[in-house]
Amino acid sequence: MHQRTTPRPLVLLGIALACWASAASAQTPPVGRLLASNCFQCHGTNGKGPGFDTLAGKSASELYKEMKEFQSGKEGQNIMAKHAMGYTDAQLRALADWLSKQR
Ligand code: HEC
């Protein structure tokens, strides 16, 4: 009796995880895109303009470097300095990577 009932919660957990994983991959955009969506208001949808400088297609390392410069205040206390402060290094890398792949 005990042996027959033990696998069931695991099977249900497996089914639940499978559903969750497929739903998550079908509906959640990549992390980089979610983070970069904050930029679209001013730099255009997907960073493709129109608006301020086009971001799409710039290299990830260049975008990351520019964001770190804004963050450090070297570029002055402009809107980008404030904006860049809201991101961790990992987040900047993820959004720079995503933007660099937009054509
Ligand atoms: C509220 C508007 C606004 C938002 C939101 C915004 N930007 Fe900007 N961005 C600007 C403005 C304005 C400039 C020009 C600043 C300057 O040159 O002093 C700029 C410049 C830049 C530049 C420099 C481009 C170059 O060629 O010199 C980069 C890189 C950049 N933004 C990246 C981003 C990223 C990445 C995001 C999202 C995380 C973002 N921006 C969100 C307004 C915005």
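Remember, it's a predicted structure, so these values are computed and weren't measured experimentally. Whatever order the structure lists ligands and atoms in, that order sets their numbers, starting from 1.
Of the possible donor and acceptor atoms, none in the side chain of Glu75 sits under 3.5 Å from a partner among the backbone N and O of Glu69.
There is a side-chain donor-acceptor pair under 3.5 Å between Tyr87 and Asn38.
Every atom of ligand 1 is numbered from 1 in the order shown, and the set under 4.0 Å from a heavy atom of Glu66 is 25 (C), 26 (O), 27 (O), 29 (C). Residue contact check: Tyr87 has heavy atoms under 4.0 Å from atoms 38 (C) of ligand 1. Interface atoms of ligand 1 facing Met67, defined by a heavy-atom separation under 4.0 Å, are 32 (C), 33 (C), 34 (C), 35 (C), 38 (C). Of all atoms in ligand 1, numbered sequentially from 1 with element shown, those under 4.0 Å from a heavy atom of Asn38 are 5 (C). Ligand 1 places these atoms under 4.0 Å from at least one heavy atom of Asn78: 16 (C), 18 (O). Distances below 4.0 Å separate heavy atoms of Lys58 from the following atoms of ligand 1: 24 (C), 25 (C), 26 (O).
Rounding to the nearest 0.5 angstrom, the gap separating the CE atom in Met67 from the CG atom in Leu92 is 5.0 Å. Rounding to the nearest 0.5 Å places OG of Ser37 at 8.5 Å from CH2 of Trp98.
Nearest heavy atoms, Lys48 versus Arg103: NZ-O, 2.9 Å. Taking both residues in full, the closest heavy atoms of Ala96 and Ala60 are given as CB-O, 3.5 Å, listed atom of the first, atom of the second, then distance. Contact detail for Gly47 and Thr54: the closest heavy-atom pair is O-CG2, 3.2 Å.
Each salt bridge (Lys or Arg N to Asp or Glu O under 4.0 Å) pair with one or both residues in residues 87-96, not counting sequence neighbours, appears once here: Lys68-Asp89.
Under the 4.5 Å side-chain heavy-atom criterion for Ile, Leu, Val, Met, Phe, Trp and Tyr, Leu34 and Tyr64 are members of distinct hydrophobic clusters.
At a distance under 4.0 Å, no protein heavy atom can be found next to atom 17 (O) of ligand 1.
Using a 4.5 Å cut-off on side-chain heavy atoms (C-beta onward), Lys58 and Glu66 make contact.
Neighbours of atom 8 (Fe) of ligand 1 restricted to protein N, O or S atoms under 2.8 Å: the count is 2.
When heavy-atom distances to ligand 1 are checked against a 4.0 Å cut-off, Leu95 comes that close only through its side chain, counted from C-beta outward.
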